[in-house]
Participant: 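Please find one structure pasted underneath; my questions will follow.
All chains are named by letter (A, B, ...) in the order of the sequence lines, taking the proteins before the strands, and each is independently numbered beginning at 1. Keep in mind it's a predicted model, so treat the numbers as computed, not measured.
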2 protein chains.
Amino acid sequence: MADLVYQRVISALQQQINQGKFADLKLPNERVLAEEFNVSRSSVKKALNSLIQRGMIFQKQGAGTFINPLYLKNRPMYNISGDNVGVTDMYQKDGQHPDIQVLGFKVLPAKPEIQEALFLEPGEFVYEIQRLRAFDDQPFMIEDGFVPVKLVPDLTEKMIAGSLYNYLQESRNIFVTRSFLTISADVSNKQDQKLLKLKPVEPVGVMEGIFFTDRGTPIEFSHMRLHYKFMRYNTFTALN
Amino acid sequence: MADLVYQRVISALQQQINQGKFADLKLPNERVLAEEFNVSRSSVKKALNSLIQRGMIFQKQGAGTFINPLYLKNRPMYNISGDNVGVTDMYQKDGQHPDIQVLGFKVLPAKPEIQEALFLEPGEFVYEIQRLRAFDDQPFMIEDGFVPVKLVPDLTEKMIAGSLYNYLQESRNIFVTRSFLTISADVSNKQDQKLLKLKPVEPVGVMEGIFFTDRGTPIEFSHMRLHYKFMRYNTFTALN
DNA sequence: AATTAAAATTGGTACGTTCCTTTTTTAAAA
DNA sequence: TTTTAAAAAAGGAACGTACCAATTTTAATT
């Protein structure tokens, strides 16, 4: 992972920032960094850009490169790392994966909405995968996922009890690296209340969207209903 | 806005994509684009990178540059443009700004939580700005914002009835270009129900976070409670 | 017709140079 | 001491070159 020049610079800077090396929250200028790391200014720029995207630092022309003070205070929130964008990986507690209970697993023709989302022809089949995820007897998410049969013809219930995306990656060399999600809230229904142990007035958070592979193929349409206390989506936005 | 080379390329490509010029969802390769636009490959790369960040296109080494089919289907969702990251600008309906009703406006010492979020010393003062936003008699958001007095000492109730950030930009040359938000859901309380016209079982969406200037100064801590039918946060995530 | 190997295509990485724009610092002037 | 103007510092933009790595296409072979 460290054989690329700019990756090396990223790692080094990340480490230095976390160690508090830049007490005044100001980094050396790009030309100096280039000298220090013995790389070109272009490579420094590429590395810094990556850190900017993550919200760790920001730059101001004429002034310099600065550490985002929010990063230091909210470091846990920034750890949205991991190899893919699956839910299993999004939800971790001290590195522990949640328990998964399979509620349903069947094959059916794609409904129009699903058809469109996954770019399928009329009549094509999808798996419907219903799962409940929990941490220590506290269920927090009902997941209803649809995956085209033709993309993973050999799917079994066993694979589904674990991380589907890990399986795809390790056995099929398919990487799920993109997602398009809509986040909203909704009144809880009877099923939500039962499965997530909610009172009738307590709502659910809803995350709905499409996951797709590094080749741009939509691989899953997922509708997730979360216990409202467990849905916390953090987002860092920078314009310009 | 179009005097920069890569901006010109971005605009041109955006237009061509929206016009459906690339029926097979595949763009010409970088070297060809460079020739077509009479710019260097580096500039093409910079432009394409920007479109990738927005989720419009994606690239695959050895294969080419492709349009994200989701972009074409969800174009409205992608229009998160605008000059800053204020709420006034986030919520628009046919280009119309929402109505703003000022519920409260006062100065008080920052509570510990606010103090920390805005990097203030103990005892420093903040404005508390409470507003209700609506579209055509349908209120959709209760906003509780805190702004350090020292940053905008001359704030008046009149400015608050409009876009605070526009005022800062035009009169003070302060640009609010970054935000760090947490999105969640909550049971609605009495006030929510009254102001947002909600039934007791209907929930609110919650967006809470910090806005800050292009100099990294936190300028507002904001707590927003939204009518659950009006909170739809769209997010495109790409790893690697 | 299917398989395999070579070649071409295409994006990725890395370095370097030149000049511009904004901001900050310094020095001079009032 | 304050104000103002010049200089320095710092990031931004744009171009270009060379080579690498993954993918696709093409041609040759079986």
Participant: Indicate for each nucleotide in nucleotides 4-14 of chain D, in 5' to 3' sequence, whether protein heavy atoms under 4.0 Å reach the base (B), only the sugar-phosphate (S), or nothing (-).
Facilitator: ------BBBSS
Participant: For F58(B) and dG12(C), what is the distance between atoms CZ and C1' respectively, to the nearest whole Å?
Facilitator: 17 Å
Participant: Output all residues satisfying ring-ring contact (aromatic ring centres under 6.0 Å, His included) with F22(B), sequence neighbours left out; order by chain, then residue number.
Facilitator: none
Participant: In a check of salt bridge (Lys or Arg N to Asp or Glu O under 4.0 Å) between R41(A) and each of E36(A), E35(A), E30(A), which one passes?
Facilitator: E30(A)
Participant: In whole angstroms, how far is the P atom of dG12(C) from the CG atom of N49(A)?
Facilitator: 15 Å
Participant: Could you list the residues that satisfy side chain to side chain donor-acceptor pair (under 3.5 Å) with Q14(A), not counting sequence neighbours?
Facilitator: none
Participant: In this structure, how many angstroms lie between the P atom of dT9(C) and the CD atom of E35(B), rounded?
Facilitator: 14 Å
Participant: Please round to the nearest 0.5 Å and tell me the distance separating atom CD1 of I52(B) and atom CE of M56(B).
Facilitator: 11.0 Å
Participant: Distance check, rounded to the nearest 0.5 Å: I10(B) atom CD1 versus L48(B) atom CG?
Facilitator: 9.0 Å
